[in-house]
Amino acid sequence: MTVSEQPRPSDFIRDIIDDDIRANKYGGRVHTRFPPEPNGYLHIGHAKSICLNFGIAAQYRGLCNLRFDDTNPTKEEQEYVDSILDSVRWLGFDWEDRLYYASDYFDQMHDYAVQLIKAGGAYVDDLSADEIRDHRGTLTQPGKESPYRNRSVEENLDLFARMRAGEFEDGSRVLRAKIDMASPNLNMRDPVMYRILHADHHRTGSKWCIYPMYDWAHGIEDSIERITHSICTLEFEDHRPLYDWFLEQLGVYHPQQIEFARLNLSYTVMSKRKLLQLVEKGHVSGWDDPRMPTIAGLRRRGYTPSSIRDFCDRIGVAKTDSTINIALLEHCIREDLNRTAPRAMAVLNPLRVVIDNYPDSETEELDAINNPEDQGAGTRKVPFSRVLYIERDDFRENPPSRFFRLAPGREVRLRYAFLITCVGVKKDESTGEVVELHCTYDPATRGGDTPDGRKVKGTIHWVSADHAVQAEVRLYDRLFTVENPGDVEDGCESVLNTDSLEIVTGHVEPSLANAAPGTSYQFERLGYFCADLKDSSPERPVFNRTVALRDSWAKIEKRL
RNA sequence: UGGGGAAUCGUCUAGCGGUAGGACAGCGGACUCUGGAUCCGUUAGCCCAGGUUCGAAUCCUGGUUCCCCAGCCA
């Protein structure tokens with residue numbers, strides 16, 4: 001390759017694929033799959049897997065299937081299927097005509113089970129769940145064989161057929177693989193293949209009352225779809241011998257399973273169980289609450305698909321357990337939105353400013369640049385008048401050193417407007433709180449220029465009080481107060497950040513009144529904000545803070 | 001005291017017997033009509049102990065620490 005080319009992103013999985021292609025292992029084919037269970041919404045950890053699987057397929061000119069691993073009707077719902085489809089699509093990936101469901105293969109799986117029974121590799125066990133657990137042994141002690149382990153093939157066939165026919169109660173019998181009750185790998189101690197579940201399935205309805213277990217189902221699904229590299233997370237490493245055993249016994253096409261470390265992110269949780277709990281206990285408004293690490297939540301928060309893909313590219317793929325700093329995700333969205341988000345002015349914590357020497361009834365329109373990073377974004381008009389709002393933080397009665405903003409007697413630039421000088425401070429007599437500033441403006445500085453070349457250190461944002469539109473602004477912060485909430489022994493609820501949402505009424509420039517839901521803006525000097533997908537309307541604009549701008553003054557001030 | 005994995009700057013990640021590199025974070029500076037962005041500079045790491053070798057993050061031996069597994073969940 002030439003020096004100007006980007007080095008191809010690589011990792012241990014791509015290294016394996018490179019080797020396989022070199023060895024012509026699957027005829028040079030690369031075919032991956034993303035196999036979610038529709039029992040919850042997708043989160044940023046799934047995004048890592050999606051980017052990996054679809055990314056590899058694209059890179060090697062292979063294919064990637066989207067497959068629902070819907071083998072447990074008691075936990076799965078159509079709502080989750082819909083949300084997953086939506087999330088994968090939104091992230092920018094296309095499964096074309098390859099949308100599959102494990103439930104589509106239930107007949108085939110059943111036939112394979114019959115085949116395995118006939119080969120003496122599986123048996124129907126009448127033990128209860130408790131008894132099976134007792135027979136399993138422990139980590140250090142071998143298990144005991146079930147008394148039903150050596151039933152004849154005929155009896156097994158008959159019993160399995162009756163299981164399927166619905167003759168038995170839930171939990172009364174299971175089909176088990178006949179492997180080795182003394183195996184040091186507990187997964188090999190006669191794992192359950194089928195359980196009886198008289199439950200309606202979201203796709204097959206009441207057709208089945210026996211459902212396959214993950215280990216039995218997954219390899220078959222991969223095999224049927226001619227997957228080459230079955231990529232999953234580390235906790236399945238122990239299951240690989242079983243994955244291999246089933247496919248070998250069946251004598252069918254055999255993909256290879258490869259495991260990588262799942263994503264952990266600081267200050268949030270990633271397990272579906274914990275996320276479900278946050279939803280069910282009302283700690284958040286739903287799976288798509290902008291504080292959730294779900295794809296739907298990130299989307300509503302204002303994250304873009306490209307920023308999430310970029311994040312997934314940057315974190316890499318390895319087998320080390322790791323926790324990525326949330327700051328990296330924030331970096332990715334800032335970098336993206338800095339390039340693309342139009343700027344606007346909004347005051348979230350207003351302080352009234354009266355320009356004493358500006359005519360009472362006059363209004364003028366000033367030109368503001370929409371995006372300094374993108375010349376093509378053009379300009380817009382911003383109304384200016386005698387009474388304005390500025391941010392309360394941008395005024396100090398007794399400014400500390402290196403404070404460049406407004407203070408009594410000081411001059412600052414109003415962005416794209418005029419230079420103003422503070423000539424008076426009006427306070428509430430009882431509380432001492434500053435309630436209004438009086439300033440004078442320099443008409444020669446229209447647009448913010450200084451014809452005399454004088455330098456002004458501070459530039460602050462503002463809105464015209466009469467023209468500003470009120471908007472609900474939701475200021476989000478991290479959901480948890482500790483870096484690894486998942487590690488908290490008594491549950492992560494005890495470390496929930498009670499200030500993760502602050503709602504304020506912002507005064508925003510009029511151009512923002514018609515912000516289309518889902519569009520992002522940079523509120524200058526504050527951060528990136530996104531018109532809420534669900535709640536924002538022209539009558540009542542609602543903005544979510546995606547992420548604050550880097551604030552180097554806050555750092556300086558902290559050290560003062 | 002079973003089995004399966006993993007250990008490289010604060011956090012991720014490259015390295016495949018030959019100068020430990022990148023990203024984020026941090027720190028310093030330049031520039032700036034966003035204390036934004038950008039640019040420049042900089043701090044900081046091979047789990048430990050032996051061994052092999054001219055030379056070890058890499059190979060060998062022995063330790064240590066962490067993660068996963070005893071669902072009829074996936």
Side-chain angles (χ1 to χ4, degrees), chain A residues 7 10-11 15 35-37 39 69 71-72 74-76 125 127-129 132-134 136-143 170-176 183-189 191-197 210-211 213-215 217-218 232-241 259 261 266 272-273 314-332 334-335 338-339 343 345 368-369 372-373 402-405 412-417 419 445 447-450 456-461 483 522-527 548-557:
Chain A
S10 197
D11 53 65
D15 288 346
E37 182 191 11
N39 67 343
D69 207 0
T71 57
N72 185 351
T74 65
K75 291 187 176 171
E76 296 152 7
D125 196 347
L127 256 28
S128 70
I132 286 181
R133 190 184 322 115
D134 289 341
R136 188 152 29 229
T138 67
L139 294 178
T140 51
Q141 287 166 285
D170 284 8
S172 60
R173 271 175 248 257
V174 291
L175 183 71
R176 289 230 256 172
S183 173
N185 180 346
L186 306 217
N187 296 123
M188 301 299 275
R189 320 243 260 227
V192 172
M193 293 164 59
Y194 274 96
R195 73 285 216 188
I196 299 172
L197 246 29
I210 56 171
Y211 290 92
M213 298 289 290
Y214 168 85
D215 288 302
H218 205 85
C232 63
T233 44
L234 249 30
E235 67 272 23
F236 292 103
E237 214 150 14
D238 278 349
H239 295 244
R240 190 179 349 122
E259 311 85 11
S266 61
K272 278 197 235 176
R273 206 194 94 248
R314 288 174 185 249
I315 58 179
V317 180
K319 298 191 73 159
T320 316
D321 283 305
S322 59
T323 301
I324 307 291
N325 200 319
I326 188 91
L328 180 60
L329 218 210
E330 294 177 345
H331 167 81
C332 291
R334 283 198 191 99
E335 191 178 72
N338 175 52
R339 286 195 331 262
R343 318 280 126 130
M345 290 198 283
I369 294 167
E373 305 290 323
R402 300 178 71 184
F403 183 83
F404 305 146
R405 282 111 92 151
V412 294
R413 172 186 291 112
L414 293 178
R415 174 140 241 224
Y416 300 129
L419 268 55
T445 59
D449 299 317
T450 52
V456 195
K457 274 278 205 179
T459 297
I460 65 175
H461 61 277
E483 224 177 302
Q522 184 196 94
F523 289 0
E524 294 218 26
R525 303 208 308 131
L526 296 175
L549 247 28
R550 291 182 62 190
D551 186 353
S552 50
W553 163 246
K555 274 182 204 165
I556 294 167
E557 193 181 26

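Within every chain, numbering begins at 1; the chains are lettered A, B, ... in the order of the sequence lines, protein sequences first and strands thereafter.
With sequence neighbours left out, A:A261 forms a side-chain contact (heavy atoms from CB on, under 4.5 Å) with A:L234. When the side-chain contact (heavy atoms from CB on, under 4.5 Å) test is applied to A:Y214, the partners found at least two apart in sequence or on another chain are A:D69, A:H218, A:F236. Remark: A:R525 pairs with A:D394, A:H461 by the side-chain hydrogen bond (donor to acceptor under 3.5 Å, both in side chains) rule, at least two apart or across chains. By the side-chain contact (heavy atoms from CB on, under 4.5 Å) test, A:M188 is found to be paired with A:I179, A:S183, A:N185, A:P241, A:L242, A:W245, residues two or more places apart in sequence or in another chain being considered. With sequence neighbours excluded, the residues that form a side-chain contact (heavy atoms from CB on, under 4.5 Å) with A:R133 are A:D130, A:R136. For A:F523, the ring pair (Phe, Tyr, Trp, His ring centres under 6.0 Å) partners are A:F529, A:F543, not counting sequence neighbours. A search for side-chain hydrogen bond (donor to acceptor under 3.5 Å, both in side chains) contacts involving A:N187 returns nothing, not counting sequence neighbours. The side-chain hydrogen bond (donor to acceptor under 3.5 Å, both in side chains) search around A:K272 returns A:N39, not counting sequence neighbours.
At a threshold of 4.0 angstrom between heavy atoms, the contacts of A:D215 with the nucleic acid are absent. Here A:D15 lies in heavy-atom contact (under 4.0 Å) with a base. Across all strands, A:E37 comes closer than 4.0 Å only to sugar-phosphate atoms, never to a base (heavy-atom distances). No engagement by A:L419 is indicated, since no non-hydrogen atom pair under 4.0 Å with the nucleic acid exists. Note on A:I460: nothing from the nucleic acid sits closer than 4.0 angstrom, heavy atoms only. Here A:R334 lies out of heavy-atom contact (under 4.0 Å) with every strand. The residue A:Y416 sits close to a base: some heavy atom pair falls under 4.0 Å. Using a 4.0 Å heavy-atom criterion, one finds that A:F523 contacts no nucleic acid atom at all. As judged by a 4.0 angstrom heavy-atom cut-off over every strand, A:P372 is placed among the base-contacting residues. Nucleic acid contact for A:F236: base, since at least one base atom lies under 4.0 Å from a heavy atom of the residue. Residue contacts for A:V192: at a heavy-atom cut-off of 4.0 Å it reaches the sugar-phosphate backbone alone, with no base atom in range.
Applying the 3.5 Å distance criterion, the base of B:G35 shares no donor-acceptor pair with the side chain of A:R525. You'll find a donor-acceptor pair under 3.5 Å spanning the side chain of A:D238 and the base of B:G3, going by distance alone. On a pure distance criterion of 3.5 Å, a polar donor-acceptor pair joins the side chain of A:Q522 and the base of B:U34. One N or O donor and one acceptor, one from the side chain of A:E373 and one from the base of B:G36, sit under 3.5 Å apart.
A:L549 has its CG atom 11 Å from the P atom of B:U38, to the nearest Å. Distance CD (A:E330) to P (B:G36): 16 Å, rounded to an integer number of Å. We find that CZ of A:R339 is positioned 19 Å from P of B:G36, with the value rounded to whole Å.
For A:H331 and B:C24, the shortest distance from a side-chain N or O to OP1 or OP2 is below 4.0 Å. Note on A:R195: a side-chain N or O is less than 4.0 Å away from OP1 or OP2 of B:C73. Between A:R136 and B:G71, a side-chain N or O to OP1/OP2 separation shorter than 4.0 Å is present. In this structure, A:T140 does not reach the B:G3 phosphate: none of its side-chain N or O atoms is under 4.0 Å from OP1 or OP2.
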Give every pair of a protein N or O atom and an N or O atom of nucleotides 39-47 of chain B that lie under 3.5 Å apart, one pair per line with the distance.
none

Nucleotides 27-29 of chain B: which of its N/O atoms have a protein N/O under 3.5 Å away?
{"from": "B:C27", "atom 1": "OP1", "to": "A:R559", "atom 2": "NH1", "distance (Å)": "3.3"}

Nucleotide N/O of nucleotides 10-13 of chain B paired with protein N/O under 3.5 Å:
{"from": "B:U11", "atom 1": "O3'", "to": "A:T323", "atom 2": "O", "distance (Å)": "3.4"}
{"from": "B:U11", "atom 1": "O2'", "to": "A:T323", "atom 2": "O", "distance (Å)": "2.9"}
{"from": "B:C12", "atom 1": "OP1", "to": "A:T323", "atom 2": "N", "distance (Å)": "3.0"}
{"from": "B:C12", "atom 1": "O5'", "to": "A:T323", "atom 2": "O", "distance (Å)": "3.4"}
{"from": "B:C12", "atom 1": "O2'", "to": "A:I315", "atom 2": "O", "distance (Å)": "3.0"}

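Distance from the side chain of A:N338 is smallest to B:A37 among B:G2, B:G4, B:A37. Among the nucleotides B:G3, B:C24, B:C72, the one closest to the side chain of A:A327 is B:C24. Nearest to the side chain of A:R550, among B:A37, B:G35, B:A74, sits B:A37.
Looking only at distances, a side-chain donor or acceptor of A:E76 sits under 3.5 Å from a matching main-chain atom of A:N72.
Spacing between B:C69 and B:G63 at atom C1', rounded to whole Å, works out to 24 Å. Between B:C59 and B:U43, the distance separating the two C1' atoms is 33 Å to the nearest Å. Here the separation of B:A6 from B:U13, taken at their P atoms, is 13 Å to the nearest Å.
For B:G71, the glycosidic angle deviates from 0 by 90° or less, giving a syn base.
A distance of 12.0 Å separates CD1 of A:I324 from CZ of A:R314, quoted to the nearest 0.5 Å.
Mapped onto RNA chain B by nearest heavy atom, A:E524 and A:H239 fall at different nucleotides, with A:E524 at the one closer to the 5' end.
Counting only Watson-Crick or G-U wobble pairs whose defining distances are both under 3.5 Å, the stems of 3 or more consecutive pairs in RNA chain B are B:2-7 with B:64-69, B:10-13 with B:21-24, B:26-30 with B:38-42, B:47-51 with B:59-63.
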Full working for salt bridge (charged side-chain N to carboxylate O under 4.0 Å, His left out) between A:K319 and A:E237: CA-CA 11 Å; A:K319 298 191 73 159; A:E237 214 150 14; 2.3 Å; yes
